[in-house]
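Below is one structure, written out as structure tokens; the observations come after it.
All residue numbers refer to positions in the sequence shown, counting from 1.
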Amino acid sequence: MSRFLASRYSGLEAYTPGEQPRDRRYVKLNTNESPFPPSPAVIAAADAEKGALNLYPDPTCLRLKEAAAKTYGELSRALGGGEITPDMVTVGNGSDELLAFAVLAFFTERGAAFPAVGYGFYPVFCSLFGAAYDELPMKGEFEVDLPALADSPRNILLANPNAQTGVYLPLSDIRKLLSANKDRLVLIDEAYCDFGGESAVSLLGEFDNLLVVTTLSKSRQLAGGRIGLAFSGREIVLDLEKIRYSFNPYALDRAAIAAGAAALLDGEYFDMTRTAVIGQRERMKEELLALGFTVSPSSANFVLARHPALSGEKIYEGLKARGVLVRYLGGRLSGYVRITVGSREDTDALLAAARDVCKEAKI
């Protein structure tokens, strides 16, 4: 720490991203990326912007907002909700930026409440911006304490499905949170919702205290494009836009705007890749259970797994030594590893390595 750093940040514990080792080629199952490349339509859309990179992108990102409103409007109506219009959408450089803006705009005075097991950035953002927060204990290994969240006077931050366990809360539970205190903001972080949940965007017409944040990094194959979306009523969106324009009005570059819009509109590719990931997730669960692992009931593109005879760190190290990289989270989850769902070949490699680790440990 230099002598110039503001004293308020001396104790800040920064978020630790998944490792990106370069010592060898790994089957990389540690950062919940898609095993599939972007669709041809996405690549063509991004490529078409190369000749205009001398020009600033559209700060309103209207093309992307219109595509998001169309796609999520169809989803909302299918779930019995109302229309989504472009003025109900804002965008960011990944959902992390939108989460940061939301904490800055809405949580610094009232504070935040979130489950103790969730997305690791929540306490970091709260600490960074001076927002008080409560980490509410889990019920058992994987269950969010919904009544405790509902009773909290603070604004709510909730990853659904959970960013560590993959466990999904149905819309009926989200409705309870929203109804419990309509003067409190409830932010639902749906980074993994496409792999087994129903989006809370369908509740936007009913609740003006709801903010839904999602990303195109996972189910739309654009982790490298850094594209986040947020949906809410017009007043909340305008608040977020005020923060965004005060920080960086050109949040997304021209290629990202074009690629994001194309990804949202390519429903056929989205359905194909999502279905493939879900299939491999279920296969992975079954095979790991057969090896004696406990596996979370995940609705995301990853599973959280432990073995009663091995620590999470030992599992991580054993798999890494065999060329398979998973995420060791430590702390409250020190007994577990989080494993991204990859391609069929990735799953084959993971399971072979897991069998070898168990055999070496004489399990």
Side-chain angles (χ1 to χ4, degrees), residues 11-16 32 96 99-100 102-103 106-181 183-193 196-197 200 209-213 293-300 302-308 311-313 315-316 327-339:
L12 181 67
E13 294 186 19
Y15 176 77
T16 303
N32 300 342
D96 291 337
L99 293 169
V103 171
F106 307 121
F107 290 78
T108 50
E109 293 183 358
R110 187 161 186 165
F114 44 83
V117 174
Y119 188 26
F121 243 135
Y122 298 159
V124 174
F125 286 144
C126 289
S127 299
L128 183 64
F129 299 126
Y133 64 90
D134 296 326
E135 292 184 287
L136 304 179
M138 306 292 282
K139 294 171 65 176
E141 288 184 299
F142 302 129
E143 186 179 351
V144 169
D145 191 337
L146 194 68
L149 272 181
D151 289 343
S152 174
R154 300 193 187 280
N155 290 334
I156 302 299
L157 275 169
L158 180 65
N160 193 37
N162 187 288
Q164 307 295 2
T165 68
V167 174
Y168 168 73
L169 293 175
L171 289 184
S172 57
D173 286 343
I174 305 305
R175 188 185 298 276
K176 290 175 184 176
L177 282 180
L178 291 161
S179 301
N181 183 347
D183 291 324
R184 173 189 61 190
L185 183 70
V186 177
L187 188 159
I188 304 298
D189 179 358
E190 295 188 342
Y192 301 101
C193 193
N209 59 327
L210 171 62
L211 172 61
V212 179
V213 175
F293 284 82
T294 296
V295 183
S296 64
S298 175
S299 294
F302 62 85
V303 300
L304 189 69
R306 69 174 174 85
H307 199 288
S311 69
E313 190 170 15
I315 297 169
Y316 158 78
R327 187 80 181 265
Y328 174 63
L329 298 160
R332 296 181 181 92
L333 297 173
S334 60
Y336 293 84
V337 291
R338 194 185 68 187
I339 309 170

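- Annotation: the span from S127 atom OG to E13 atom CD amounts to 8.0 Å, rounded to 0.5 Å.
- Side chains of N32 and Y192: a donor on one and an acceptor on the other come within 3.5 Å.
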Item to complete: Go through L146 and K176 one step at a time and tell me if the side chain to side chain contact (heavy atoms under 4.5 Å, CB included) criterion holds.
Response: CA-CA 9 Å; L146 194 68; K176 290 175 184 176; 4.3 Å; yes

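- Here the OG1-CG distance, from T16 to L329, works out to 10.5 Å after rounding to the nearest 0.5 Å.
- The backbone N or O of L185 lies less than 3.5 Å from a partner atom in the side chain of N155, making a donor-acceptor pair.
- Summarising the geometry of A113 relative to S152, their closest heavy-atom pair is CB-OG, 3.3 Å, with the distance given to 0.1 Å.
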Worksheet item: Is there a ring pair (Phe, Tyr, Trp, His ring centres under 6.0 Å) between Y15 and F125 once you walk through the steps?
Response: CA-CA 9 Å; Y15 176 77; F125 286 144; 8.4 Å; no

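- Contact detail for A131 and V103: the closest heavy-atom pair is CB-CG1, 4.3 Å.
- When every heavy atom of V167 is checked against every heavy atom of N160, the shortest pair comes out as O-OD1, 4.1 Å.
- In this structure the side chain of Y168 never reaches within 4.5 angstrom of the side chain of P297, judged on heavy atoms.
- Of the possible donor and acceptor atoms, none in the side chain of R184 sits under 3.5 Å from a partner among the backbone N and O of L178.
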Discussion item. Working note: L211 + V186, criterion side chain to side chain contact (heavy atoms under 4.5 Å, CB included); need CA distance, chi angles, decisive distance, verdict.
Written reply: CA-CA 6 Å; L211 172 61; V186 177; over 6 Å; no

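- Annotation for C126 and Y133: closest pair CB-CD2, 3.4 Å, computed over non-hydrogen atoms.
- Listed here is the closest heavy atom pair of V124 and G120: CG2-O, 3.5 Å.
- Here the closest heavy-atom approach between residue T165 and residue S298 is recorded as O-CB, 3.8 Å.
- Taking CD of E141 as the start and OG of S296 as the end, the distance is 10.0 Å to the nearest 0.5 Å.
- Counting only distance, with no hydrogens or angles, the side chain of D134 and the backbone of F114 share no donor-acceptor pair below 3.5 Å.
- For an aromatic pair to be called close, the ring centres must be under 6.0 Å apart, and Y122 with F107 fails this.
- Using modelled atom types, one side-chain atom of R110 and one backbone atom of P153 make a donor-acceptor pair closer than 3.5 Å.
- Contact check for L157 versus D189: no side-chain heavy atoms found under the 4.5 Å cut-off.
- In this structure, CG on L158 lies 6.0 Å from CG on L169, to the nearest 0.5 angstrom.
- Atom CZ of F293 sits about 11.5 Å away from atom CG of L304, to the nearest 0.5 Å.
- The side-chain heavy atoms of S311 and S334, taken from C-beta on, include no pair separated by under 4.5 Å.
- Taken to the nearest 0.5 Å, the CG atom of N181 stands 8.0 Å off from the CG atom of N209.
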Discussion item. Walk me through whether V213 and I188 qualify under side chain to side chain contact (heavy atoms under 4.5 Å, CB included).
Written reply: CA-CA 6 Å; V213 175; I188 304 298; over 6 Å; no

Practice prompt. Evaluate side chain to side chain contact (heavy atoms under 4.5 Å, CB included) for L149 paired with V144, printing each intermediate quantity in order.
Written response: CA-CA 8 Å; L149 272 181; V144 169; 3.7 Å; yes

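- In this structure a side-chain-to-backbone donor-acceptor pair under 3.5 Å is present from Q164 to G118.
- You'll find the side chain of R338 stays beyond 4.5 Å of the side chain of V303, heavy atoms only.
- Using cut-offs of 30° and 60° on the angle between ring planes, the pair F121 and Y119 is perpendicular.
- Here the side chain of E143 pairs no donor or acceptor atom with the backbone of M138 at under 3.5 angstrom.
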